[in-house]
Amino acid sequence: MKEQRFTVYLRRHCHLCEQMLQALQPWCQGYGLALELLDVDEDPVLAARFGERVPVLAQGDDTVCEFYLDETALTRRLDVERIGGELRGAGTYDRIYAIVRRIPAGKVATYGQIAAMEGRATARMVGYAMAALPGGSDVPWQRVINARGEVSERAGGGGTRRQRDRLEAEGVYFDARGHVDFSRAGWEGPDPAWLVHQGFQGAPRPGGVAGRAVAPDLRRRRL
DNA sequence: GTTGTGACCCATA
DNA sequence: CTATGGGCCACAA
């Protein structure tokens, strides 16, 4: 397994720098990243290049992120071969499908929830992945709904009805406005150990927040 | 290489 | 409650 080299440009007594190194710790252990730490104050060229803009995480000449660890950006940079479990080297859609397959009958998850677990997808991409499924797939696509608790509308129209019918056949209840109550039917996520083994992000907080049983799409959050 | 195609989500107003 | 605009990107042809 080849290691992946990254460079952190930093300076001493820098709070953000220490914070980024700490955030990188589990990535080094889990994915075998090799970090090169460069103190920009020890090299006038680097000091001129970065000024106050540290820390910077870089891969070769490419900047991955500045100031805070952007885990999404880092994930994109990682060699997919490094991801463990049966999903080693799998494409994003296959990784999404693998998570969706674990939603039990009678439960639902949101696009954003799946995306947050997958780690590098967006909610929208989860929707794209569902749309790309061939007929007769073993992926229980009907169990993925939007963040408002509704079955999403789509161009065709018939698919929407079919999704609701399948969910109701599994015992999922829709209220008069066509909404699912996440506190009753919301999926809390797969076995955390399975997620970790597959190299996914952790599950959103189980149980959820009042009024929203699942975590929103965490990707968009900026620190 | 390029382009077209999609089942989203959130913050506002 | 609804409407709208911006942010998004993998995949197949």
Side-chain angles (χ1 to χ4, degrees), chain A residues 59 62-66 68 70-83 87-103 105 107-170 172 174-182 185-187 189 198-201 203-205 208-223:
Chain A
Q59 184 179 35
D62 298 331
T63 297
V64 177
C65 55
E66 299 178 318
Y68 300 94
D70 181 340
E71 300 199 340
T72 302
L74 177 56
T75 304
R76 269 187 241 287
R77 301 273 176 174
L78 291 179
D79 183 350
V80 291
E81 293 300 318
R82 191 159 290 288
I83 292 173
L87 298 175
R88 172 182 297 269
T92 304
Y93 282 15
D94 283 334
R95 289 160 52 84
I96 290 169
Y97 298 148
I99 295 174
V100 172
R101 281 197 191 91
R102 305 193 74 90
I103 309 173
K107 294 288 184 184
V108 294
T110 70
Y111 298 97
Q113 181 186 3
I114 301 298
M117 286 186 274
E118 197 279 342
R120 63 187 177 192
T122 62
R124 194 166 191 172
M125 285 171 50
V126 174
Y128 298 153
M130 294 301 105
L133 279 171
S137 162
D138 68 323
V139 176
W141 51 268
Q142 72 273 17
R143 297 172 194 155
V144 185
I145 64 177
N146 68 32
R148 300 194 303 268
E150 303 161 327
V151 169
S152 291
E153 296 291 338
R154 59 204 77 164
T160 307
R161 183 73 231 178
R162 216 166 86 248
Q163 181 171 7
R164 175 162 172 172
D165 288 344
R166 289 176 76 146
L167 284 175
E168 289 182 325
E170 294 179 353
V172 175
F174 287 81
D175 68 16
R177 284 188 6 267
H179 287 244
V180 170
D181 179 2
F182 283 122
W187 183 46
Q198 300 296 343
F200 290 122
Q201 308 270 29
R205 185 152 53 99
V209 195
R212 182 197 292 278
V214 299
D217 183 353
L218 302 174
R219 268 193 91 255
R220 322 193 71 72
R221 294 264 169 88
R222 295 198 82 93
L223 290 169

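The chains referred to below are lettered A, B, ... by the order of the sequence lines, with proteins before strands, and numbering in each begins at 1.
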Could you tell me how far B:dT5 sits from C:dG7 if I compare only their P atoms? Round to whole Å. 22 Å
What pairs meet the salt bridge (charged side-chain N to carboxylate O under 4.0 Å, His left out) rule with one or both residues in residues 130-140 of chain A, with sequence neighbours excluded? A:Arg101-A:Asp138
Who pairs with A:Arg148 by side chain to side chain donor-acceptor pair (under 3.5 Å), at least two apart in sequence or on another chain? A:Glu150
Is there a residue in residues 127-137 of chain A whose heavy atoms reach under 4.0 Å of DNA chain B, and which residues are they? A:Gly127, A:Tyr128, A:Met130, A:Ala131
Looking at A:Arg95, I'd like to know whether one of its side-chain N or O atoms comes within less than 4.0 Å of OP1 or OP2 on C:dA10. no
note: A:Asn146, atom CG; B:dC8, atom P; distance rounded to Å ~ 8 Å
Side-chain donor/acceptor contact of A:Arg154 with base of B:dG6 under 3.5 Å: no
For A:Ala131, check side-chain contact (heavy atoms from CB on, under 4.5 Å) against everything at least two apart and list the hits. none
Mind calculating the distance between CZ (A:Arg148) and C1' (C:dA3) to the nearest angstrom? 11 Å
Atom pair distance, as rounded to whole Å: CE in A:Met125 and P in B:dG6: 16 Å
Ignoring hydrogens and angles, are the base of C:dC8 and the side chain of A:Arg124 linked by a donor-acceptor pair under 3.5 Å? yes
Would you say the side-chain atoms of A:Arg166 pair up with the backbone N or O of A:Gln142, donor to acceptor, closer than 3.5 Å? no
Rounded distance in Å between the C1' positions of C:dC8 and B:dG4: 16 Å
Whole-Å distance, A:Gln163 CD to B:dA7 P, equals 12 Å
Taking side chain to side chain donor-acceptor pair (under 3.5 Å) as the definition, give me every residue that meets it alongside A:Glu66, ordered by chain and number, with sequence neighbours left out. A:Arg53
If you check the A:Thr122 side chain, which of C:dC8, C:dC11, B:dA7 turns out closest? C:dC8
Rounded to whole angstroms, how far apart are CD on A:Glu153 and C1' on C:dA3? 15 Å
Applying side chain to side chain donor-acceptor pair (under 3.5 Å), can you list everything that pairs with A:Tyr128, at least two apart in sequence or on another chain? A:Arg124
Taken to the nearest whole Å, CD/A:Gln113 to C1'/B:dC10 is 17 Å
Expressed as a whole number of angstroms, how long is the span from A:Asp94:CG to C:dC9:P? 19 Å
Any chance you could lay out the side chain to side chain contact (heavy atoms under 4.5 Å, CB included) test for A:Lys107 and A:Phe182, step after step, and finish with the verdict? CA-CA 9 Å; A:Lys107 294 288 184 184; A:Phe182 283 122; over 6 Å; no
If I take atom OH in residue A:Tyr97 and atom C1' in nucleotide B:dA7, what distance separates them, rounded to the nearest angstrom? 11 Å
